[in-house]
Amino acid sequence: MKNYDHKKIEQKWQKEWDKKKLYRVEDSIKGKENFYTLVEFTYPSGNLHVGHWYAFAVPDIYARYKRMQGYNVLYPMGFDAFGLPAENAAIKLGADPKEWTYKQMDKMRTQLGSMGAMFDWEREIVSCDPEYYKWTQWMFNKFLEKDLVYRDVTSVNWCPNDKTVLANEQVVDGACERCGAQVEQRNQEQWMLRITKYADRLIDDLDKLAWPEEIKSAQRNWIGRSEGSEIEFKVKGIDEKIKVFTTRADTLFGVTYVVLAPEHESVESLELQVENKKEVEQYITNTKKKSELDRQQSKEKTGVELKGVKAINPSNGEEIPVWVADYVLAGYGTGAVMAVPAHDERDFEFAKKFDLKIKYVNRPNVFSTSRINSPGNSGIYESPSKKLDEIIEFCTEPLCDDDAVLVNSDLYNNLSCVEARQKITKAVGGRVVKTYRLRDWGISRQRYWGTPIPIVYDPEGKAHPVPDEYLPWLLPTDVDHTPDGTSPLARSKELLKRTEKIFGKGWKPEVETMDTFVDSSWYFYRYLDAKNSEEFASKKSREAWMPINLYMGGAEHTTMHLLYSRFWVKAMHHLGLVNEDEAYTVRRNRGLILGPDGNKMSKSKNNVVDPDEIVERLGADTVRMYLAFMGPYGVTVNYPWDPNGVVGVRRFLERVWKLKEKIGKGNATTLLHKVTKKITEDMAEYKFNTAIAQMMILINEWDKVDEILEDEYKILLQILSPFAPHMTEELWINLGEKESIHLSEWPKWDERKVIDEFLKIVVQVNGKVRAEIMVTPNTEEEEVKTLALKDKAVIPWIEGKEVKRVIYVKGRLVSIVL
RNA sequence: GCCGGAGUGGCGGAAUUGGUAUACGCGCGCGACUCAAAAUCGCGUCUCGCAAGGGAUGAGAGUUCAAGUCUCUCCUCCGGCACCA
């Protein structure tokens, strides 16, 4: 073939590899170590976009590199096939969600095939396949047995017009995205998973994972463990107590009011005492119109005082007002806070707005490891009451660290802030508690297209699991998808009949389906044994592949999917179902590919890049390689697609193609060894961009000579093969090789040829580069320094001045300090 | 608002992890080939300056012989915030 005809080559090899089952993966190969590379399986949207290429084709480069290094590499693909879009298609177009989904998958399978990735399609999984969700249901039952599942009430967005629950993203400015009706907050009972039971382990076990610190940190913050105190405030005149949660019990003396979340139960039980009932009711009604996010985002604090109600500060017996405000969330802590406006910014804003008392706590003599901030001069200053002087004397510094040590207090010498908080908590009869921002996971959805929750209700309404022998508990098909406020499954006669037939008259099926995050919490196990009808995955296959060596995915999954699946594995581990309690040894987040204009690709912005068109025009090898060339992989940086840039990569491949004509006698090049080494190292860190740059440097050198050696050219092809698997295979076989280039071994380099004969040492005078000197790698430090000081270009800069110091950085520079 | 991340030429980025800032690619300019154009190839391309030399990594400070890299303050952009996946 004279010219590089990507179309012919790519089709030919994709067919050939398929025929030869080149990418079939066995659970074990003698003498080879297994390596499990995972990428997040995809929702079958029906059209592969550039983002999919970035997510799947670039990790394929890495998987191929590992395979050439002698690993038995698993790089599987599947479909996260349950979800809203299929249901919306059913509502809008009258489509059958199942048919619709499978059609999309067929289309995507073809498109995925055009990548030339090493997916083993025999291991493909589809989460909406009954053979898959059977195991999702089976695990649900196991969790239920172990009390990891329970029923509870949570608040959801409700559109009264469409009669459906809305995702936060479907609520725009408090209105339903579809019909514009005012969205309400509504309480709904649902099935919950006790993820909070694992909160401590989910935080603590992060320490043993080789994950980037920013991901760990995001997870820690999401879980939001804080150690604090629960302290009771009595309500004056009646037998009612308000329990508040605070992390700063040491500021108790500075409390000037108490705030309840609008949903707090005391709001109701204090009804008789409240003098401004109407006003309070109005406020609560208004709150229901706001989503939680709105409540946290709003800069303007709102609230209403419960007039006629006074709480009593347990530290000094002071009577303080009680407020209701929506900046306090019902789901966190106890849903009530003690406000210390002098030492908390939000409380301060609130106090200022409603003209509440601000009271500074007496400053202690503390030794803090951080800088000490003065509370400032504004506001009212009051001395602490005599009664609790000794308790509040310590640790009232608002910004002191948890590990600050109090040194100057006679009574509490060497007491840390944390200890001080414990002491004061006890003194007022409170208790020290741990609390989490993380909430239990509500998995119920009033949707059709999801895994049916395998529960049935007896005539008394008591819930029972569907026994394992009846799994998969099939999704019925006789369903009307029009939203009418009930779950679509409630309208299935087949489901009801089935339930009655198995369990008896009067029994009713659960009509909810599961959150799709459940499906994706364990999918990586199913790849290992995708066709097993006896187990979710055999012990043998799990032991062969788990834990996953590398999990590449989107940064948007950092807190939710990644935490849900970590919880899932931990729960499975405790049930004795799997060996490991963490599934992902290494996790890397990737960024996004933006449109050429630097914006997120979207139809409305008219900046969508169609990969199919570019593959047709320039080839899959070019697209794969360009995506790898844009920037380092595995960091959350977004790169805009540059239509010119992709042509540059195509040019590179054409130059490599043409180089075959230069094969001849030539001279061996030491550059090849350097390049091979650098590329091998870069690939290990997912720096595919600089690896490619090295190949470009190499062929720039080869362009300058008349002939190159065949063996050296072949090494280039091997290094290039993970990036451009089709073209390199064609060239490799044409050079007479019998076996696929992808079965060949990653090239080695000669370390002796990597070392330079001479080193260029930079000479700086007072930090400015003034000269360069050449030395051999084993020139002694003293000699290099002497050479630097004597250098012609250096002398004018140091003449007549005193040389104070001379610093030598081996192999790099000499720094002369005057 | 809270949490996480990123700011380096006209553009994507590189920088041996504290040691010559701008590798490689794109774009642009000039030239070769051509009747011409495309493609291809060669040379040039941070900035001020004739030069010697000076300045520049979002802004400002600090540590250091030496800072894109470390510390602090601020600005801008991106991702997530629990029923999109």
Side-chain angles (χ1 to χ4, degrees), chain A residues 40-43 45 80 82-85 154 156-157 164-171 188 190 212 214-215 217-222 224 292-299 327 331 346 371 437-447 515-517 519-520 554-561 563-564 589 591-592 594 596 598 600 626 629-632 635-649 651-652 654-655 658 678 681 687 689-690 692-697 700 703 760-769 772 804-807 809 811-818:
Chain A
E40 286 148 5
F41 65 165
T42 179
Y43 182 80
S45 59
D80 188 9
F82 273 134
L84 264 186
T154 61
V156 295
N157 302 313
T164 181
V165 178
L166 299 175
N168 278 336
E169 71 154 20
Q170 294 172 298
V171 182
Q188 187 146 0
Q190 58 170 330
E214 65 262 23
I215 302 181
S217 163
Q219 291 212 346
R220 279 190 200 105
N221 288 324
W222 181 266
E292 201 172 287
L293 199 58
D294 287 337
R295 284 168 61 172
Q296 287 172 67
Q297 267 167 354
S298 64
K299 281 175 192 146
Y327 78 93
R346 281 169 311 176
R371 120 197 104 86
R437 205 190 71 97
L438 180 75
R439 305 196 292 249
D440 274 337
W441 177 13
I443 61 157
S444 291
R445 300 290 181 267
Q446 277 70 47
R447 311 271 189 217
D515 179 4
T516 53
F517 273 124
D519 310 326
S520 57
E556 66 275 21
H557 292 300
T558 299
T559 43
M560 301 187 62
H561 160 64
L563 260 184
Y564 288 143
N589 283 351
L592 300 169
L594 308 172
K600 223 171 155 175
Y626 174 59
F629 188 55
M630 295 174 113
V635 291
T636 56
V637 178
N638 304 336
Y639 308 112
W641 178 276
D642 179 358
N644 290 314
V646 70
V647 172
V649 169
R651 266 204 287 263
F652 165 77
E654 278 176 15
R655 285 169 70 196
K658 279 198 195 123
K678 175 85 165 89
E681 287 166 358
K687 292 182 184 168
N689 56 331
T690 49
I692 294 168
Q694 288 300 309
M695 291 186 244
M696 290 172 169
I697 289 170
N700 285 347
D703 269 355
K760 191 170 72 181
I761 304 290
V762 165
V763 185
Q764 292 183 345
V765 179
N766 276 352
K768 294 246 183 282
V769 179
E772 283 172 3
K804 285 190 193 133
R805 274 171 79 188
V806 181
I807 297 152
V809 181
R812 303 232 65 87
L813 59 69
V814 174
S815 181
I816 301 167
V817 187
L818 299 177

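Chain A is the first sequence line, chain B the second, and so forth, proteins listed ahead of strands; every chain is numbered from 1.
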Chemist: Is A/N644 near enough to B/C28 that one of its side-chain N or O atoms lies under 4.0 angstrom from OP1 or OP2?
Modeler: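 Looking at the OP1 and OP2 atoms of B/C28, neither is under 4.0 Å from any side-chain N or O of A/N644.
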
Chemist: Of the candidate nucleotides B/G27, B/G4, B/A14, which contains the atom at the shortest distance from the side chain of A/N689?
Modeler: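 Of all the options, the side chain of A/N689 is nearest to B/A14.
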
Chemist: Roughly how many Å is it from NZ in A/K760 to P in B/U16, rounded to a whole number?
Modeler: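 One finds 16 Å between P of B/U16 and NZ of A/K760, rounded.
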
Chemist: What distance do A/L592 atom CG and A/E556 atom CD have between them, rounded to the nearest 0.5 Å?
Modeler: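 These two atoms lie 6.5 Å from each other.
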
Chemist: Just verifying a value: how many Å separate A/Y639 OH and A/L594 CG, rounded to the nearest 0.5 Å?
Modeler: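 Answer for the OH-CG pair, A/Y639 versus A/L594, is 10.5 Å.
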
Chemist: Taking the P atom of each, how far is B/G18 from B/A6, in whole Å?
Modeler: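 Pairwise P distance, B/G18 against B/A6, rounds to 16 Å.
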
Chemist: Using atom P in both nucleotides, what's the gap between B/G79 and B/A21 to the nearest angstrom?
Modeler: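 To the nearest whole Å, 35 Å.
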
Chemist: Nearest to the side chain of A/E214 - B/A85, B/G25, B/G5?
Modeler: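 Nearest to the side-chain atoms of A/E214, counting from C-beta on, is B/G5.
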
Chemist: Between A/N700 (CG) and B/U40 (C1'), how many Å, whole number?
Modeler: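 For the pair A/N700 CG and B/U40 C1', the rounded distance is 15 Å.
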
Chemist: Give me syn or anti for B/G9, where syn covers glycosidic angles within 90 degrees of 0.
Modeler: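 What B/G9 shows is a syn base, its glycosidic angle lying within 90° of 0.
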
Chemist: Using 0.5 Å steps for rounding, measure from the CZ atom of A/R220 to the CD1 atom of A/I215.
Modeler: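 Nearest 0.5 Å value for the CZ-CD1 distance: 11.5 Å.
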
Chemist: Kindly compute the distance separating CD (A/Q764) from CG (A/L813), expressed to the nearest 0.5 Å.
Modeler: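 Atom-to-atom, A/Q764:CD and A/L813:CG are 5.0 Å apart.
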
Chemist: Begin from the C-alpha positions of A/F652 and A/F629 and carry the test side chain to side chain contact (heavy atoms under 4.5 Å, CB included) through to its verdict.
Modeler: CA-CA 12 Å; A/F652 165 77; A/F629 188 55; over 6 Å; no

Chemist: Whole angstroms only, please: what is the CH2-P distance between A/W641 and B/G25?
Modeler: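 Going from A/W641 (CH2) to B/G25 (P), I get 19 Å.
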
Chemist: Ignoring hydrogens and angles, are the base of B/U16 and the side chain of A/R812 linked by a donor-acceptor pair under 3.5 Å?
Modeler: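 Check passes, donor-acceptor contact within cut-off.
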
Chemist: Anything under 3.5 Å between a protein N or O and an N or O of nucleotides 7-10 of chain B, put it in a table, one pair a line.
Modeler:
none

Chemist: Measuring only the C1' atom in each nucleotide, how far is B/G58 from B/C3? A whole number of Å is fine.
Modeler: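 The answer is 23 Å between these two C1' atoms.
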
Chemist: Could you check how far CD1 of A/I692 sits from P of B/C24, rounded to whole Å?
Modeler: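 Roughly 15 Å, once rounded to whole Å.
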
Chemist: Which of these nucleotides, B/G54, B/G12, B/G19, is closest to any side-chain atom of A/K768?
Modeler: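 The answer is B/G54.
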
Chemist: Evaluate the side chain to side chain contact (heavy atoms under 4.5 Å, CB included) criterion for residues A/Y43 and A/T516: first the C-alpha distance (whole Å), next the side-chain angles of each, then the deciding distance (0.1 Å), finally the verdict.
Modeler: CA-CA 10 Å; A/Y43 182 80; A/T516 53; over 6 Å; no

Chemist: Using a heavy-atom cut-off of under 4.0 Å over every strand shown, decide if A/Y639 touches base, sugar-phosphate, or nothing.
Modeler: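 Contact class for A/Y639: sugar-phosphate only.
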
Chemist: When both hydrogen-bonding distances must be under 3.5 Å and the geometry is Watson-Crick or G-U wobble, what is B/G49 paired with, if anything?
Modeler: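 Its partner: none found.
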
Chemist: For a quick check of understanding: with a heavy-atom distance under 4.0 Å over all strands, which category does A/E40 fall into, base, sugar-phosphate or nothing?
Modeler: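 The residue A/E40 makes no contact with any strand.
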
Chemist: Quick one: label A/I697 by what it contacts on the DNA or RNA (base, sugar-phosphate, nothing), any heavy atom closer than 4.0 Å.
Modeler: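 Sugar-phosphate: the residue A/I697, judged by heavy atoms under 4.0 Å, touches backbone atoms but no base.
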
Chemist: Show your working on side chain to side chain contact (heavy atoms under 4.5 Å, CB included) between A/V817 and A/N766 and close with a plain yes or no.
Modeler: CA-CA 5 Å; A/V817 187; A/N766 276 352; 4.1 Å; yes

Chemist: Could you please name the partner base of B/U34, counting Watson-Crick and G-U wobble pairs only when both distances are under 3.5 Å?
Modeler: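 Partner of B/U34: none found under 3.5 Å.
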
Chemist: Which is more 5' along RNA chain B, the nucleotide nearest A/A218 or the one nearest A/Y626? Just name the residue.
Modeler: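 Looking at the nearest nucleotide for each, A/A218 comes out on the 5' side.
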
Chemist: Can A/N700 and A/R655 be said to form a side chain to side chain contact (heavy atoms under 4.5 Å, CB included), step by step?
Modeler: CA-CA 9 Å; A/N700 285 347; A/R655 285 169 70 196; 2.7 Å; yes

Chemist: Paired with B/U73: which nucleotide, if any, by Watson-Crick or G-U wobble criteria at under 3.5 Å for both distances?
Modeler: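 Its partner is B/A59 (Watson-Crick or G-U wobble, both distances under 3.5 Å).
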
Chemist: Below the 4.0 Å mark, does B/C24 have OP1 or OP2 next to a side-chain nitrogen or oxygen of A/K687?
Modeler: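 Checking B/C24 against A/K687, no side-chain N or O comes under 4.0 Å of OP1 or OP2.
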
Chemist: A/F652 has an atom CZ; how far is it from atom P of B/A23, in whole Å?
Modeler: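 My rounded result for the distance is 18 Å.
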
Chemist: Quantified in whole Å, what is the P atom distance between nucleotide B/G25 and nucleotide B/G42?
Modeler: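 About 10 Å, rounded to a whole number of Å.
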
Chemist: Could you check whether A/T636 gets within reach of a base, just the sugar-phosphate, or nothing at all, counting any heavy atom under 4.0 Å?
Modeler: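 Contact class for A/T636: sugar-phosphate only.
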
Chemist: Check the interface with nucleotides 76-83 of chain B: list each N/O to N/O pair with the protein under 3.5 Å, or write none.
Modeler:
unit_1	atom_1	unit_2	atom_2	d
B/C78	O2'	A/N638	ND2	2.8
B/A82	OP1	A/N168	ND2	2.8
B/A82	OP2	A/N168	ND2	3.0
B/A82	O5'	A/N168	ND2	3.1
B/A82	N6	A/R437	O	2.8
B/A82	N1	A/R439	N	3.0
B/C83	OP2	A/R445	NH2	3.2
B/C83	O4'	A/R445	NE	3.3
B/C83	O4'	A/R445	NH2	3.4
B/C83	O2'	A/L166	O	2.8
B/C83	O2'	A/A167	N	2.9
B/C83	O2	A/R447	NH2	2.8
B/C83	N4	A/S444	O	3.3

Chemist: Say we look at B/C72 and B/G4: how far apart would their P atoms be, to the nearest angstrom?
Modeler: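 Each nucleotide's P atom is 13 Å from the other's.
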
Chemist: Determine the interplanar angle of the A/F517 and A/H561 rings, folded into 0 to 90°, and report it as parallel if under 30°, tilted if 30 to 60°, perpendicular if over 60°.
Modeler: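 Parallel.
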
Chemist: What's the closest nucleotide to the A/Y43 side chain, out of B/C65, B/G13, B/A85?
Modeler: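 So the side chain of A/Y43 is nearest to B/A85.
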
Chemist: For B/C77 versus B/G53, give the span between their P atoms, rounded off to a whole number of Å.
Modeler: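 42 Å, rounded to whole Å.
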
Chemist: Just to be sure I understand the rule, does A/P85 reach a base, reach only the sugar-phosphate, or reach nothing, if contact means heavy atoms closer than 4.0 Å?
Modeler: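 Nothing, no heavy atom under 4.0 Å.
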
Chemist: Determine the interatomic distance between P on B/C70 and the same-named atom on B/U16; round to the nearest Å.
Modeler: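 The same atom, P, in both gives a distance of 12 Å.
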
Chemist: Pick the C1' atom in B/U76 and in B/A15, then give their distance to the nearest Å.
Modeler: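 Going atom to atom, C1' in each nucleotide, I get 25 Å.
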
Chemist: Does A/N766 make a side-chain N or O approach to OP1 or OP2 of B/C65 shorter than 4.0 Å?
Modeler: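 A/N766 to B/C65 OP1/OP2: no side-chain N or O under 4.0 Å.
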
Chemist: Give one of base, sugar-phosphate or nothing for A/D703, where a contact means two heavy atoms less than 4.0 Å apart.
Modeler: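 If one applies the 4.0 Å heavy-atom cut-off, A/D703 turns out to touch nothing in the nucleic acid.
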
Chemist: So what's B/G18 paired with, Watson-Crick or G-U wobble, going by both distances under 3.5 Å?
Modeler: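 B/G18 is paired with nothing.
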
Chemist: According to the Watson-Crick and G-U wobble definitions, with both distances under 3.5 Å, which nucleotide is paired to B/G9?
Modeler: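 With both distances under 3.5 Å required, B/G9 matches none.
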
Chemist: Once rounded to the nearest 0.5 Å, what's the spacing between atom OG1 of A/T164 and atom CZ of A/R447?
Modeler: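 The CZ atom of A/R447 is 4.5 Å from OG1 of A/T164, to the nearest 0.5 Å.
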
Chemist: Ignoring the backbone of A/R651, work out which of B/G25, B/U40, B/A23 is nearest its side chain.
Modeler: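 The closest nucleotide is B/U40.
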
Chemist: Take A/V769 and A/T42, find for each the nucleotide of RNA chain B with the closest heavy atom, and name the residue whose nucleotide sits nearer the 5' end.
Modeler: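 It is A/V769, whose closest nucleotide lies nearer the 5' terminus.
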
Chemist: Only pairs with both distances under 3.5 Å count, Watson-Crick or wobble alike; so what is the partner of B/G4 in this structure?
Modeler: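 Checking every strand shown, B/G4 finds its partner in B/C78, with both distances under 3.5 Å.
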
Chemist: Look through every strand shown and name the nucleotide pairing with B/G29 as Watson-Crick or G-U wobble, where both distances are under 3.5 Å.
Modeler: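 Answer to the pairing question: B/C43, which forms a Watson-Crick or G-U pair with B/G29.
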
Chemist: What is the separation between atom CG on A/L563 and atom P on B/G4, rounded to the nearest whole Å?
Modeler: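 Value for this atom pair: 14 Å.
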
Chemist: How should the glycosidic conformation of B/U17 be described, syn or anti, under the criterion that syn lies within 90° of 0?
Modeler: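 This nucleotide is in syn.
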
Chemist: Looking only at atom types and distance, does a side-chain atom of A/Q219 sit under 3.5 Å from a main-chain N or O of A/T558, one as donor and one as acceptor?
Modeler: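 Yes, A/Q219 side chain to A/T558 backbone: donor-acceptor pair under 3.5 Å.
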
